[in-house]
Amino acid sequence: PAAGGQPLVTLSGHTDNVVDASFSPDGQRIVTASEDHTARLWNATSGRLLLTLEGHTAGVVHVEFSRDGLSILTASGDHSARVWNAKDGQVLARLEDHTAKLEYAAFSPNSRRVVTASEDRTARVWNVGSGSRLQSRMEGPDIAQAAFSPDGRSIVTAGLGKVPVVWNADNGQVRTKLVGHTASVRQVAYSPDGRRIATGSMDKTARVWNARSGQSLVTLTGHTEEILDIAFSPDGRSIITAGADKTAILWNVADGQIQTKLAGHRSRILHAEFAPDGRRIVTVSADSTVRVWNVTARQLQFEIEGHSPSDVQVATFSPDSQSIVTANGGRCAWVWNAVDGHLVATLSGHTDTVEYAAFSPEGQRIVTTSVDTTARVWNALDGQLLGTLEGHKNWVWWAAFSHDGQRIVTAGKDHTAGVWNARTRELLVTLTGHTGDVSQSRFSPDDQRILTTSWDQTARVYRVVTLSELSSLLGR
């Protein structure tokens, strides 16, 4: 120490207030942060200026070294953080997604991630290598559909293009391409075991592919117009396709043979899915009806009528296969008994069109989305409103529960997705980055990531960070 408390060295050069400073791990350097919009690196012994880190457009409020001393992290009032090479001052990563001044930023113990805290009331975790809060980003011609593989390691996307793409879910690299359709592919689905992918195309065919190699295994030919939906049965042995030709077709996956055609709708069939127990199929048509079919008997079980004369937006089974929720573009959704078709509950409360509805994993709750900019959570048994998710600035297109039922993710016309506490209905985080409507959002099988698709022609994967993980990253 200096005798009499005198300074060993004075670090002089900033042109405005110095607000933070930090030693390098070896004690040989010091980095300072200033309201002059710069950070500066100094020799701790001589006080000689080594580097000036320029680039921020507002004051730098925090600065620190990585644990290995190779990088420097700055946080600024310009809503961003930056990671710099401590040797030459080059910018390694720009962490730009906050909507207000940053208050703090810190490296994780292994220096591979950074956490930032902002006056926008959010904390965010970033991958230092990519400089992005996203784990991966996938781009293609108007990506409209995306699905995780059952193990969460891959994602398949499709859109206006003829070639669906299988991606590595961790880094966004292309694994394989599914080449063979002659027109746009708008529908994709993984088999339950993840070994196969089914695609439906405007070329009037569906195909089954080897999910790893991308080899076409079988072509399903039988529709006379484009295919609008496709799904595997729970045991993976059958596929149901919905066509613009007013029919749904049940196929044998192994050989591509038609098991039966489900005919009777008076307009195009927009959606088809198996009940979780595989014993029934629900079809949704532009003729304003929903039909439930017995798979074993291969015949109509009952028809749900009474929807207003507009396309039914959605019909989906509850996890126990005993109920169906429907919405048709009005301000209500309805819950029906899936065995005999009688009305169980009416979900009434939205002030504009209901766009989507989905059951929680245990089947006791339903989430609905609406043009009224909200999503709502309901008791699936009696239709009682449990809570409203308010925070989007425009239409909410989509919502899904996490597999543990604790969170809900919503997709909005405001270019964002929201993650909510399903019990308290509190908004936990807003997922930004898309430049167009976010059309769908869903959790990965392990609930650790969220997959979004957007009209900006991209799909994105976000890492879901819990409060406990956040504390761990900070070494607390």
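Sequence positions, counted from 1, serve as the residue numbers for this chain. Worth knowing before you read on, the calculation uses all heavy atoms, side chains too, and leaves out hydrogens, waters and symmetry mates.
- Once rounded to the nearest 0.5 Å, the distance linking NE2 of His415 with NZ of Lys393 reads 12.0 Å.
- By the 4.5 Å heavy-atom criterion applied to side chains, Arg425 and Thr388 are not counted as neighbours.
- Between the Asp447 side chain and the His403 main chain, a donor and an acceptor come within less than 3.5 Å of each other.
- Counting heavy atoms from C-beta on, the side chains of Arg212 and Thr176 never come closer than 4.5 Å.
- Residues forming a side-chain contact (heavy atoms from CB on, under 4.5 Å) with Ser191 (at least two apart in sequence, or on another chain): Asp193, Arg196, Phe232.
- Residues meeting the side chain to side chain donor-acceptor pair (under 3.5 Å) test with Asn85, sequence neighbours left out: none.
- The backbone N or O of Tyr356 sits less than 3.5 Å from a side-chain atom of Thr369, completing a donor-acceptor pair.
- In terms of the ring-ring contact (aromatic ring centres under 6.0 Å, His included) criterion, Trp84 has no residue partners (sequence neighbours excluded).
- Annotation: the span from Arg82 atom CZ to Glu54 atom CD amounts to 11.0 Å, rounded to 0.5 Å.
- Partners of Asp16 according to the side chain to side chain donor-acceptor pair (under 3.5 Å) rule, which considers only residues two or more places apart in sequence or in another chain, do not exist here.
- Residues Phe401 and Ala422 come closest through the heavy atom pair CE2-CB, 4.1 Å.
- With sequence neighbours left out, the salt bridge (Lys or Arg N to Asp or Glu O under 4.0 Å) criterion links Arg279 to no other residue.
- Looking at Ser267 and Ser285, their side chains never bring a donor and an acceptor atom within 3.5 Å of each other.
- Side-chain polar atoms of Glu35 and Asn17 form a donor-acceptor pair below 3.5 angstrom.
- In this structure Arg331 satisfies the side-chain contact (heavy atoms from CB on, under 4.5 Å) test with no other residue, sequence neighbours excluded.
- Of the residues Trp398, Trp397, Trp420, the one that meets the side-chain hydrogen bond (donor to acceptor under 3.5 Å, both in side chains) test with Thr410 is Trp420.
- Residues passing the salt bridge (Lys or Arg N to Asp or Glu O under 4.0 Å) test with Asp437, sequence neighbours excluded: Lys413.
- Between Ala380 and Gly363, the shortest heavy-atom distance links the atoms CB-O, 3.5 Å.
- For the pair Glu273/Phe317, a side-chain contact is recorded, criterion being any heavy-atom separation below 4.5 Å from C-beta on.
- Looking at heavy atoms from C-beta onward, Val367 lies out of side-chain contact with Arg365 at the 4.5 angstrom threshold.
- Contact of the Ser321 side chain with the Arg280 side chain is registered, since non-hydrogen atoms from C-beta on lie closer than 4.5 Å.
- Partners of Asn379 under the side-chain contact (heavy atoms from CB on, under 4.5 Å) rule, at least two apart in sequence or in another chain, are Leu381, Asp382, Gln384, Leu386.
- If you run side-chain contact (heavy atoms from CB on, under 4.5 Å) between Ile269 and each of Ile249, Thr283, Ile227, only Thr283 comes through.
- Scanning for side-chain contact (heavy atoms from CB on, under 4.5 Å) contacts around Thr199 gives Pro164, Leu178, His181, Val185, Val188, Ile197, Arg207, Trp209, with sequence neighbours left out.
- For Arg237, the CZ atom sits in a loose shell: 12 or fewer heavy atoms of surrounding residues, nucleotides or ligands are nearer than 6.0 Å.
- Looking at heavy atoms from C-beta onward, Thr416 lies in side-chain contact with His392 at the 4.5 angstrom threshold.
- Put simply, the side chain of Arg175 never gets that close to the backbone of Ser154: no donor and acceptor are under 3.5 Å apart.
- By the side chain to side chain donor-acceptor pair (under 3.5 Å) test, Gln406 is found to be paired with no residue, residues two or more places apart in sequence or in another chain being considered.
- Two residues are said to be in side-chain contact when any heavy atoms from C-beta on lie closer than 4.5 Å; Thr289 and His265 meet this criterion.
- In this structure His62 satisfies the ring-ring contact (aromatic ring centres under 6.0 Å, His included) test together with Tyr104, sequence neighbours excluded.
- Using modelled atom types, one finds a donor on one side chain and an acceptor on the other under 3.5 Å when comparing Glu362 with Ser360.
- Every residue meeting the side chain to side chain donor-acceptor pair (under 3.5 Å) condition with Thr452, not counting sequence neighbours, appears here in chain and number order: His434.
- The side-chain contact (heavy atoms from CB on, under 4.5 Å) test with Trp378 singles out one residue from Thr368, Thr346, Val325, and that residue is Thr368.
- Annotation: side chain of Ser348 is in contact with side chain of Cys332 (closest heavy-atom distance under 4.5 Å).
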